[in-house]
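Here is the structure we will look at.
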Amino acid sequence: MSKLDEKVGQYIDEVRGTLGLEPDVDLIRKVAEGLGPSIHNADASRVAASDPKEVETVKRNFLMGKLGLDDSDDLDRRLKKVMDMYAEKSRTKYRAVVYYLLTKEFGKDSVYDS
């Protein structure tokens, strides 16, 4: 099993076990692949949801940059909703899982279609 496969398995377990959601395994893999080597770095692989600067980075770089969403109150509200939901269930918030959840929340799965 590759290191990527191990990480994807960890993220699937997080979505299914910790969050109680049925994961889209293919999308989780694509999100993890898109993050590249950062998923293997302890600091870069996690999101500090309580840090406003970190949340702003997720908003700017991922939601607006990668998913192509416009800055709006709705964007902020839905980002907060996802962060709060994940924080309620887990102390550790994996970046790949956060990005996966946001991709699903905004219905932007097609961004990862090749």
Side-chain angles (χ1 to χ4, degrees):
M1 180 180 285
S2 74
K3 287 185 179 193
L4 175 62
D5 290 336
E6 289 175 19
K7 289 293 187 180
V8 169
Q10 182 180 16
Y11 303 144
I12 291 167
D13 290 346
E14 184 79 356
V15 171
R16 182 176 286 135
T18 303
L19 299 174
L21 302 171
E22 189 53 41
D24 177 338
V25 174
D26 291 335
L27 181 58
I28 290 175
R29 174 172 287 285
K30 289 174 183 176
V31 170
E33 288 172 347
L35 287 167
S38 70
I39 64 172
H40 304 290
N41 177 293
D43 187 50
S45 69
R46 293 175 174 84
V47 172
S50 61
D51 179 355
K53 186 176 175 184
E54 175 80 6
V55 174
E56 184 66 21
T57 298
V58 169
K59 176 182 166 180
R60 297 272 173 214
N61 293 350
F62 183 69
L63 292 176
M64 297 170 70
K66 175 76 175 177
L67 299 186
L69 299 169
D70 294 325
D71 194 2
S72 68
D73 290 341
D74 182 57
L75 182 83
D76 292 335
R77 182 184 56 75
R78 292 167 74 182
L79 171 57
K80 182 178 178 353
K81 174 184 139 186
V82 167
M83 292 294 207
D84 289 350
M85 182 270 301
Y86 196 5
E88 198 175 278
K89 305 270 185 169
S90 180
R91 180 173 156 82
T92 302
K93 285 152 280 314
Y94 296 105
R95 186 170 305 278
V97 174
V98 169
Y99 287 10
Y100 165 79
L101 293 171
L102 289 168
T103 301
K104 295 303 267 181
E105 171 68 24
F106 287 96
K108 291 296 226 167
D109 304 36
S110 63
V111 168
Y112 286 96
D113 291 344
S114 324

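Side-chain contact between K93 and R46 is absent, with no heavy-atom pair separated by less than 4.5 Å. At least one side-chain heavy atom of D71 sits under 4.5 Å from a side-chain heavy atom of D76. No side-chain heavy atom of T103 sits less than 4.5 Å from a side-chain heavy atom of K66. Two residues are said to be in side-chain contact when any heavy atoms from C-beta on lie closer than 4.5 Å; I12 and R29 fail this criterion.
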Subject >> Intermediate values then yes/no, side-chain contact (heavy atoms from CB on, under 4.5 Å), D26 and Y112 >> reply: CA-CA 10 Å; D26 291 335; Y112 286 96; over 6 Å; no

Original post:
How far apart are the C-alpha atoms of L4 and I39, what are their side-chain angles, what is the distance that settles it, and do they pass the side-chain contact (heavy atoms from CB on, under 4.5 Å) test?
Top reply: CA-CA 8 Å; L4 175 62; I39 64 172; 3.8 Å; yes

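Nearest heavy-atom pair across E14 and T92 is OE2-O, 3.6 Å. Between V8 and A32, the shortest heavy-atom distance links the atoms CG2-CB, 4.0 Å. Among all heavy-atom pairs drawn from L75 and D70, the shortest one is CD2-O, 3.7 Å. Smallest separation of non-hydrogen atoms from P23 and V15: CB-CG1, 3.7 Å. Considering all non-hydrogen atoms of both residues, V58 and Y99 come closest at CG1-CE1, 4.0 Å.
Note: K108 NZ to L69 CG = 5.5 Å, rounded to the nearest 0.5 Å. Rounding to the nearest 0.5 Å gives a distance of 9.0 Å between CG of L79 and CG of D84. From K80, atom NZ reaches atom NZ of K59 across 13.5 Å, with rounding to the nearest 0.5 Å. The distance from atom CG of L27 to atom NZ of K104, rounded to the nearest 0.5 Å, is 5.5 Å. Here the straight-line distance linking atom NZ of K81 with atom CD of E105 works out to 3.5 Å at 0.5 Å rounding. A distance of 11.5 Å separates OG1 of T18 from CZ of R16, quoted to the nearest 0.5 Å.
With sequence neighbours excluded, the residues satisfying ring-ring contact (aromatic ring centres under 6.0 Å, His included) with Y94 are Y11. Remark: M85 engages L19, L101 in a side chain to side chain contact (heavy atoms under 4.5 Å, CB included) (not counting sequence neighbours).
S110 and D113 share no donor-acceptor pair across their side chains, judged by distance under 3.5 Å alone.
Between R77 and D73 no salt bridge is recorded (no basic side-chain N to carboxylate O distance below 4.0 Å). Salt-bridge formation is detected for the pair E54/R95: a Lys NZ or Arg NE/NH1/NH2 atom is positioned less than 4.0 Å from an Asp or Glu carboxylate oxygen.
A distance-only check finds no donor-acceptor pair linking the side chain of S90 to the backbone of Y86 [under 3.5 Å]. The backbone N or O of A42 lies less than 3.5 Å from a partner atom in the side chain of S45, making a donor-acceptor pair.
Other residues, nucleotides and ligands contribute over 12 non-hydrogen atoms within 6.0 Å of the CG atom of D51.
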